[in-house]
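Only a predicted model underlies this, so the values are computations on that prediction, with no experimental measurement involved. Quick note: numbers below take in every heavy atom, side chains included, and nothing from hydrogens, waters or symmetry partners. Lettering follows sequence order; numbering is per chain, from 1.
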2 protein chains.
Amino acid sequence: MKKGVHDYAAYVTLNIIGGKWSMLILCHLRKGAVRFCEFPKLIPGLTQKMLTKHLRELENNGLVRRAVYPEIPPKVEYTLTSHGKSLIPVLDLLEQWGKEHLKMSAAHSDANLHILSQPKDCQ
Amino acid sequence: MKKGVHDYAAYVTLNIIGGKWSMLILCHLRKGAVRFCEFPKLIPGLTQKMLTKHLRELENNGLVRRAVYPEIPPKVEYTLTSHGKSLIPVLDLLEQWGKEHLKMSAAHSDANLHILSQPKDCQ
DNA sequence: CGCGGTAGTTTCCAAAAGGTAAGTTATAAA
DNA sequence: TTTATAACTTACCTTTTGGAAACTACCGCG
């Protein structure tokens with residue numbers, strides 16, 4: 001999913017949080033600052049390359065703030081900006097719908113086996 | 001974005017509406033039934049192949065219903081299921097946040113040029 | 001001098017997603 | 001007989017995305 005000047009602002013939102021890891025990163029930032037090296041521990045499978053890439057994107061979109069502490073060894077912390085925090089309700093709703101959907105599809109795959117006798121589709 | 005067994009149900013939602021065209025297709029279905037051949041007219045750039053692919057996905061996820069009318073030339077209509085309709089508030093929120101974001105980033109790129117004298121970031 | 005720790009960047013490769021264009025089927029109308 | 005139409009499917013190719021692993025820089029420590 002990328003580009004394309006469609007009339008829907010929802011498209012913009014998906015371009016921002018639709019990457020493979022962005023949403024996961026944001027979810028962990030909800031609770032407060034996270035160090036660079038903490039992310040891969042929090043998010044299994046996330047590599048440094050993908051982490052930097054998505055963090056830069058989120059930073060460029062004004063959702064996260066990058067704070068560098070001039071220490072050795074280096075320390076960099078990421079936090080949500082206020083704009084980033086405005087995404088939390090959106091994430092919550094996505095979360096909530098996802099849960100409903102999982103319940104639904106579980107129920108449905110059970111049901112298929114013994115209940116259904118209604119017409120499934122007009123055809 | 002695909003796969004990955006993370007703890008966030010929001011991930012599930014994004015897998016469903018996160019494709020390049022799914023959200024656009026759903027948006028047009030909000031108003032009612034749409035024929036196959038109407039989609040490419042409604043959504044510039046959408047090809048038949050991508051359309052079928054995403055429609056099948058949405059169908060498999062129980063969000064849209066496919067109704068075939070046995071006529072020549074063929075007629076196939078797609079509608080939202082009730083489960084599909086439950087996504088509308090989600091799409092609306094994505095839309096709303098996207099609009100806010102566009103306002104924000106427009107304001108920000110203006111502001112950058114003359115206003116800012118605050119520290120941008122601790123570094 | 002070499003090691004460890006943090007925060008990256010870079011290179012190289014594989015997989016997934018997406019696009020183009022042509023083919024398919026069925027029938028009715030010209 | 002050819003054409004047109006709707007709804008697909010298929011083959012082939014390009015682009016995008018993602019991942020593994022190595023490399024850089026910095027400095028203190030032993």
Run the side-chain contact (heavy atoms from CB on, under 4.5 Å) check on B/V64 and B/R66 step by step: do they pass? CA-CA 7 Å; B/V64 311; B/R66 179 170 178 269; over 6 Å; no
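- Protein atom CD1 of A/I43 is 14 Å distant from nucleotide atom P of D/dG18, rounded to whole Å.
- The side chain of A/K49 lies closest to C/dT10, out of C/dT10, C/dG19, C/dA22.
- Qualifying salt bridge (Lys or Arg N to Asp or Glu O under 4.0 Å) partners for A/R30, counting only residues two or more places apart in sequence or in other chains: A/D92.
- The phosphate of C/dG8 has OP1 or OP2 within less than 4.0 Å of a side-chain N or O from A/Y78.
- Side-chain atoms of A/L42 and A/I25, non-hydrogen and from C-beta on, never get closer than 4.5 Å to each other.
- In this structure, the ring of A/Y78 has its center no less than 6.0 angstrom from the ring center of A/H28.
- Residue A/T47 is classed as a sugar-phosphate contact, given heavy-atom separations below 4.0 Å to backbone atoms only.
- A sub-4.0 Å separation between OP1 or OP2 of C/dA17 and a side-chain N or O of B/K20 is absent.
- No side-chain heavy atom of B/L93 sits under 4.5 Å from any side-chain heavy atom of B/W97.
- Rounding to whole angstrom units, CG of residue B/N15 and C1' of C/dA16 are separated by 13 Å.
- Per the geometry, CG belonging to A/L55 stands 8 Å off P belonging to C/dG8, to the nearest Å.
- Between the NE2 atom of A/H54 and the P atom of C/dG8 there is a distance of 16 Å, given to the nearest Å.
- Rounding to the nearest 0.5 Å places CD1 of B/I17 at 9.5 Å from CG of B/L63.
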Between protein and nucleotides 4-6 of chain C, what N or O pairs are separated by less than 3.5 Å?
from	atom 1	to	atom 2	distance (Å)
C/dT6	O3'	A/R35	NH2	3.0
C/dT6	O3'	A/P74	O	2.7

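- Nearest to the side-chain atoms of B/R66 among the listed nucleotides D/dG19, C/dA7, D/dC8 stands D/dC8.
- With rounding to whole Å, B/L46 atom CG is found 11 Å from C/dG18 atom C1'.
- The separation between B/E57 atom CD and D/dC8 atom C1' is 17 Å, rounded to whole Å.
- Under the 4.5 Å side-chain criterion, counting only non-hydrogen atoms from C-beta, A/F36 is not in contact with A/V68.
- Positionally, the nearest nucleotide of DNA chain C for B/K53 lies more toward the 5' end than for the other of B/Q48 and B/K53.
- What separates CG of A/L14 from C1' of D/dT17 is a distance of 17 Å, to the nearest Å.
- A straight line from CE of B/M50 to C1' of D/dC12 spans 13 Å, rounded to a whole angstrom.
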